[in-house]
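Remarks on the structure that follows.
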Amino acid sequence: MRFVDEFRDAGTARALAARIAELCEPGRHYKFMEVCGGHTHTIYKHGLEDYLPDAVSLVHGPGCPVCVIPMGRVDDAIAIAEHDDVILTSFGDMMRVPGGRGSFFDSKAAGADIRMVYSPLDALKIARKNPGKRVVFMAIGFETTAPSTAMTVLRAAAEGIDNFSIFCNHVTILPAIKAILDSPDLRLDGFLGPGHVSTVIGCRPYEWIARDEGKPLVCSGFEPLDILQSVHQLMLQLREGRCEIENQYGRVVPWDGNARALQVIGEVMRLRPHFEWRGLGFISHSALQVRDEYARFDAERIFDVPGVRVADPKACQCGEVLKGVLKPWECKVFGTACTPETPIGTCMVSSEGACAAYYNFGRFSRERVKEATRA
């Protein structure tokens with residue numbers, strides 16, 4: 001398939017792996033974080049870690065929007081859904097995320113009207129067809145999905161659909177990266193930057209990572225050769241003593257981002273003073289909320305939201321996994337009590353979750369196959 005097969009060529013992958021191995025300095029170990037969960041799935045679906053030399057390891061970061069939602073926010077959404085006149089709408093990967101009171105599926109089975117949608121416009125259509133109901137959209141995601149939520153609010157305002165609102169849980173990527181860099185638990189040599197987020201915000205906002213933190217970042221695409229090329233670019237920077245922000249995903253990501261998308265986000269939303277992230281705790285200015293001008297579309301102002309913090313189950317180590325401190329198979333319940341069918345933590349639920357990637361693609365141990373040395 002054109003524009004796919006050429007990014008998955010095994011011969012090119014082996015050649016890139018050999019070039020990466022040539023850049024390794026004797027006795028040095030390199031650790032790079034792929035921020036986005038989509039990268040994690042590509043890495044393990046295609047066995048990319050087995051192409052890399054032992055001196056190079058990849059750790060996953062907090063770039064899965066479903067995974068970072070704390071249990072208390074799930075419970076808040078369920079509390080909204082329990083109103084008799086409410087229809088709660090949500091993306092499919094949120095339906096099985098466990099909260100302190102169960103998941104959306106559990107609440108739906110108990111009688112709440114919770115429906116899966118593919119976009120916020122689907123939720124607006126439901127509101128249009130059900131004028132006697134209050135329709136709430138569970139808005140999640142990084143800057144990638146925030147523009148579509150903002151545009152839907154603008155359309156609801158333009159059409160006067162006042163029975164529609166959003167429960168805003170959009171988060172921003174830069175404060176999470178800063179929290180990772182400030183963590184004493186992890187020492188990194190560089191980052192594979194999140195490609196999808198960067199289609200909106202561009203590469204320029206990452207410049208402080210190289211300038212102030214001394215860490216290179218390469219904004220990477222999602223095909224196997226994209227990731228291997230990005231690792232090679234990071235290794236080349238380290239070998240040459242450079243520390244820069246580079247854009248490997250130039251066929252999709254503009255350096256200055258999508259101006260119209262950023263404008264729409266800014267028109268409808270503003271930064272929250274602080275927001276709780278699963279595994280990272282409260283991070284200042286790391287999430288979005290609805291502006292006062294659109295308060296009538298803000299579910300947090302329309303409904304009495306409990307806002308109670310809920311601790312993760314003691315057996316669950318999603319927090320350490322999200323910070324890259326633990327590999328999923330190092331969690332005590334991974335693949336036993338916690339599976340995609342019976343998830344204890346969010347990382348096993350989402351299509352971008354690290355635990356789901358490891359489980360679905362058979363990565364149950366630290367064993368690696370020497371793909372790079374194969375003939």
Side-chain angles (χ1 to χ4, degrees), residues 34-45 60-78 80-81 87-109 112-123 126 136-149 152 166-173 176 194-197 200 222 275-279 287-288 310 312-313 316 318-319 321-322 328 334 338-361:
E34 77 272 5
V35 176
C36 183
H39 289 149
T40 303
H41 273 251
T42 297
I43 289 165
Y44 292 103
K45 179 179 180 179
H60 33 267
C64 165
V66 170
C67 301
V68 301
I69 296 294
M71 296 180 74
R73 297 293 285 186
V74 177
D75 287 357
D76 289 344
I78 289 174
I80 293 173
I87 300 173
L88 179 69
T89 59
S90 170
F91 292 139
D93 52 0
M94 272 299 303
M95 297 294 287
R96 292 187 299 116
V97 172
R101 302 173 52 201
S103 67
F104 287 177
F105 272 137
D106 295 328
S107 184
K108 182 179 176 68
D113 192 347
I114 303 179
R115 307 182 189 182
M116 187 179 73
V117 294
Y118 291 98
S119 83
L121 286 174
D122 290 342
I126 293 171
V136 181
F137 175 64
M138 178 76 173
I140 65 164
F142 287 93
E143 292 93 339
T144 317
T145 54
S148 61
T149 301
T152 305
I166 65 170
F167 182 46
C168 191
N169 294 276
H170 286 296
V171 290
T172 57
I173 194 64
H196 290 151
V197 167
V200 175
F222 292 88
F275 190 77
E276 183 184 5
W277 291 55
R278 184 182 291 246
L288 301 172
V310 179
D312 287 342
C316 176
C318 269
V321 171
L322 285 168
F334 172 77
C338 186
T339 68
E341 290 74 30
T342 57
I344 294 177
T346 54
C347 296
M348 188 61 89
V349 177
S350 172
S351 59
E352 294 189 0
C355 295
Y358 277 58
Y359 186 91
N360 290 330
F361 303 120

Any side-chain heavy-atom pair of [X] and [Y] under 4.5 Å:
X      : Y      : result
Pro340 : Asn360 : yes
Pro98  : Val349 : yes
Ile69  : Arg278 : no
Ser107 : Arg101 : no
Phe104 : Val74  : yes

Between [X] and [Y], which heavy-atom pair has the shortest distance, and what is it?
X      : Y      : answer
Gly345 : Cys338 : N-SG, 4.0 Å
Phe361 : Tyr44  : CB-O, 3.5 Å
Ala354 : Val321 : CB-CG1, 4.0 Å
Pro120 : Phe91  : CD-CZ, 4.3 Å
Thr89  : Ala123 : OG1-CB, 3.2 Å
Ala146 : Leu288 : CB-CD1, 4.1 Å

Measure the spacing between [atom1] of [X] and [atom2] of [Y] and express it to the nearest 0.5 Å.
X      : Y      : atom1 : atom2 : result
His41  : His60  : NE2   : NE2   : 10.5 Å
Met94  : Leu88  : CE    : CG    : 9.0 Å
Ile140 : Ser350 : CD1   : OG    : 7.5 Å
Met116 : Met138 : CE    : CE    : 15.5 Å
Phe275 : Cys168 : CZ    : SG    : 8.0 Å
Cys64  : Leu322 : SG    : CG    : 7.5 Å

Sub-3.5 Å donor-acceptor pair from the side chain of Asp75 to the main-chain atoms of Gly72, do we have one?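 Here the side-chain-to-backbone pair does not exist.
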Once you measure the plane-to-plane angle for Phe334 and Tyr359, does it fall in the parallel (<30°), tilted (30-60°) or perpendicular (>60°) bin?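 Ring orientation of Phe334 relative to Tyr359: perpendicular.
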Steps toward ring pair (Phe, Tyr, Trp, His ring centres under 6.0 Å) verdict (Phe222, His196): CA-CA 9 Å; Phe222 292 88; His196 290 151; 4.0 Å; yes
Passes side chain to side chain contact (heavy atoms under 4.5 Å, CB included), Arg73 versus Asp76? Steps please. CA-CA 5 Å; Arg73 297 293 285 186; Asp76 289 344; 4.1 Å; yes
Before giving the answer on side chain to side chain contact (heavy atoms under 4.5 Å, CB included), spell out for Ile80 and Phe167 the whole-Å C-alpha distance, their side-chain angles and the decisive distance to 0.1 Å. CA-CA 9 Å; Ile80 293 173; Phe167 182 46; 4.1 Å; yes
Exercise: do Thr339 and Thr342 side chains pair donor with acceptor under 3.5 Å: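 There is such a pair (donor and acceptor under 3.5 Å, judged by atom type) between the side chains of Thr339 and Thr342.
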